[in-house]
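Data first, discussion second: the structure below is written as structure tokens.
Throughout, a chain's letter reflects where its sequence line sits, starting with A, and its residues are numbered from 1. Please read all numbers here as calculations on a predicted model, not as lab measurements. Scope of the values below: all heavy atoms of this structure, side chains included, with no hydrogens, waters or symmetry mates.
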Protein chains: 2
Amino acid sequence: MTAKPARGRPRAYDPEEALAAALDEFRRRGYTATSLDHLSDATKMARPSLYAAFGNKLEIYRKAVRQYAEESAERRRRALFEEPVLDKGLEAYFGEIVAAYVSKEGEPLGCPVLSVISGEAAADPEIGAELSAAVGKTDALFLKRMTMAAEAGEIAPGADIRGLAAMLAALQHSLALRARAGTPRPELQAIARAHVTLALRAAGAARPN
Amino acid sequence: MTAKPARGRPRAYDPEEALAAALDEFRRRGYTATSLDHLSDATKMARPSLYAAFGNKLEIYRKAVRQYAEESAERRRRALFEEPVLDKGLEAYFGEIVAAYVSKEGEPLGCPVLSVISGEAAADPEIGAELSAAVGKTDALFLKRMTMAAEAGEIAPGADIRGLAAMLAALQHSLALRARAGTPRPELQAIARAHVTLALRAAGAARPN
DNA sequence: GTCATTTTGTACCACTTCGCAAAAAATTAA
DNA sequence: TTAATTTTTTGCGAAGTGGTACAAAATGAC
């Protein structure tokens with residue numbers, strides 16, 4: 001990843017930083033309310049540069065989300081799967097989720113996807129697809145983990161694997177929404193813990209507490 | 001509620017119909033993406049009439065939501081409380097929720113509040129308050145119902161009342177989001193049923209099935 | 001009919017929106 | 001130096017934004 005010497009005028013911005021700044025802007029304002037001028041200010045790139053580098057508004061958003069997902073979601077996936085004990089894996093996963101849904105300054109901003117494009121998803125098919133894909137990925141993740149847990153005998157035989165996965169996804173959706181509504185971080189953590197505990201009890205799991 | 005003879009030129013619109021049409025527009029497009037022109041078209045009211053009748057955009061939205069809430073949320077509240085058996089009450093409640101989150105034509109549009117203003121809630125304090133209030137009302141509703149159930153001995157003594165209430169609220173949040181992402185009605189129903197069943201099991205409730 | 005009253009319709013305001021064309025600047029290669 | 005290449009900068013344009021002023025229209029009261 002060393003910088004190539006390039007040929008023409010060197011670019012005055014770092015694409016990764018720019019996309020991170022753009023995502024932050026989207027996260028604060030919502031998709032539609034974020035204008036290219038806002039993005040231009042946040043990234044310190046002139047509008048035509050933005051356009052040349054990333055494309056139109058939707059493409060900027062998509063690229064910003066992809067960068068975020070590759071960095072953040074991967075860490076969450078590991079938290080969920082590299083811990084063999086289901087209870088602890090879920091604890092770690094939702095710890096990462098809560099951390100991701102709160103800004104560095106502590107503001108509960110919610111999810112860069114769920115909390116940001118929900119409003120536009122019904123009217124714009126492309127954005128609808130984006131939201132649907134995000135939901136689907138989370139579902140698949142939990143379904144896989146619950147299947148693993150069932151095979152490992154961590155949850156009662158005959159338990160409703162799909163239902164349990166959906167129940168955990170619901171927690172994630174709820175955390176995104178609550179964060180967006182301003183619920184502070186400690187409360188989000190408490191909600192996550194209680195929900196996981198109850199879900200495991202419903203699963204007939206080996207009692208953690 | 002009979003129409004008063006009034007004095008000046010009679011209004012050419014029905015306020016209730018206009019607010020319903022406005023809410024539908026908000027629901028389809030999201031808050032920011034819905035312009036006064038869109039509302040003007042949908043309600044067949046000229047923009048100045050809209051303004052004179054309901055106020056600015058945010059007030060139009062608020063009044064449209066209030067009308068929806070008074071009509072729809074009241075029915076849900078009754079479904080939840082007038083059925084003494086917890087299981088059946090929850091079934092009825094979420095049946096109403098799913099119905100409300102799908103349009104008459106069958107399009108899964110989500111919640112007129114949760115799915116519509118989530119994007120704007122972080123940037124605009126007034127909208128943030130609106131979202132927060134909506135979340136809080138649902139929480140209070142479930143908390144009250146679970147407290148009743150505990151007193152009636154429908155759930156295990158010492159059960160986590162707050163946690164269970166939050167878990168049911170999470171289902172509602174998840175249904176709003178999934179509907180917004182295009183999940184068809186039968187699937188929403190199935191998700192709701194499974195979630196309620198699992199939540200009741202976690203509560204140590206009298207087994208329904 | 002005439003007046004007061006209320007709603008409607010037309011037109012407009014200042015501002016913002018996305019997107020782009022074209023020129024200027026900064027660099028490497030020759 | 002000159003040429004080639006890439007990025008930045010300036011500025012524009014057509015459309016849309018929320019909001020409003022003001023005259024025209026439609027009614028009941030007198």
Side-chain angles (χ1 to χ4, degrees), chain A residues 2-19 21-23 25-26 28-64 116-117 119-120 123-127 130, chain B residues 2-19 21-23 25-26 28-64 116-117 119-120 123-127 130:
Chain A
T2 38
K4 292 172 192 170
R7 186 97 142 73
R9 175 170 179 168
R11 49 166 66 119
Y13 60 90
D14 172 18
E16 287 196 16
E17 274 182 38
L19 284 179
L23 189 66
E25 204 66 12
F26 278 121
R28 290 197 146 71
R29 300 183 187 272
Y31 180 80
T32 303
T34 301
S35 71
L36 290 188
D37 277 337
H38 294 142
L39 294 174
S40 178
D41 287 353
T43 59
K44 288 165 199 159
M45 294 169 65
R47 255 210 327 286
S49 294
L50 257 182
Y51 208 81
F54 308 120
N56 66 17
K57 187 174 164 179
L58 179 57
E59 286 183 72
I60 297 172
Y61 174 73
R62 274 206 268 240
K63 283 172 181 149
V116 164
I117 60 174
E120 289 77 7
D124 183 332
E126 301 209 69
I127 293 191
E130 208 75 21
Chain B
T2 38
K4 292 174 192 171
R7 186 99 140 74
R9 175 171 178 168
R11 50 167 64 119
Y13 59 91
D14 172 18
E16 288 197 15
E17 274 182 38
L19 285 180
L23 188 65
E25 205 65 13
F26 278 121
R28 290 195 145 70
R29 300 183 189 272
Y31 180 80
T32 304
T34 301
S35 71
L36 290 187
D37 277 338
H38 294 141
L39 294 175
S40 178
D41 287 353
T43 59
K44 288 165 198 159
M45 293 169 66
R47 257 213 323 287
S49 295
L50 257 183
Y51 207 82
F54 308 120
N56 66 17
K57 187 175 167 180
L58 179 56
E59 286 184 71
I60 298 172
Y61 174 73
R62 275 206 268 241
K63 282 172 181 148
V116 164
I117 60 174
E120 289 77 6
D124 183 332
E126 301 209 69
I127 294 192
E130 209 75 22

Tell me the interatomic distance from [X], atom [atom1], to [N], atom [atom2], rounded to whole angstroms.
X     : N      : atom1 : atom2 : value
B:R29 : D:dT17 : CZ    : C1'   : 14 Å
A:L50 : C:dT17 : CG    : P     : 14 Å
A:L58 : C:dT17 : CG    : P     : 18 Å
A:I60 : C:dC18 : CD1   : C1'   : 11 Å
B:Y13 : C:dG9  : OH    : C1'   : 14 Å
A:R11 : D:dT7  : CZ    : C1'   : 9 Å
B:L36 : C:dT16 : CG    : P     : 17 Å
B:D37 : C:dC13 : CG    : P     : 17 Å

Report yes if at least one side-chain N or O of [X] is closer than 4.0 Å to OP1 or OP2 of [N]; otherwise report no.
X     : N      : answer
B:Y51 : D:dT20 : yes
B:S35 : D:dG16 : no
B:R9  : C:dT8  : no

Practice problem: Would you tell me whether B:T32 and B:E120 have side-chain atoms, one donor and one acceptor, within less than 3.5 Å of each other? | Solution: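 Short answer, yes.
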Under 4.0 angstrom, heavy atoms only, what part of the nucleic acid is [X] near: base, sugar-phosphate, or nothing?
X     : value
B:A12 : sugar-phosphate
A:T32 : nothing
A:S49 : base

Practice problem: Take A:F54 and A:R62 through the test side chain to side chain contact (heavy atoms under 4.5 Å, CB included) and record every step on the way to the result. | Solution: CA-CA 9 Å; A:F54 308 120; A:R62 274 206 268 240; over 6 Å; no
Exercise. State, with a plain yes or no, whether a side-chain heavy atom of B:Y13 is found less than 4.5 Å away from one of B:T43.
Key: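 No - every pair of side-chain heavy atoms lies 4.5 Å or more apart.
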Self-check item: Residue met sooner reading DNA chain D from 5', once A:R47 and B:K57 are mapped to nucleotides
Solution: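 The residue closer to the strand's 5' end, by nearest nucleotide, is A:R47.
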Self-check item: Shortest non-hydrogen contact from A:L50 toward A:L36
Solution: CD1-O, 4.0 Å
Exercise. Fit a plane to each ring of B:Y31 and B:Y61, take the angle between them on a 0 to 90° scale, and name the class: parallel (under 30°), tilted (30 to 60°) or perpendicular (over 60°).
Key: perpendicular
Quiz item: Starting at the 5' end of DNA chain C, which residue's closest nucleotide do you reach first, A:H38 or A:P48?
Solution: A:H38
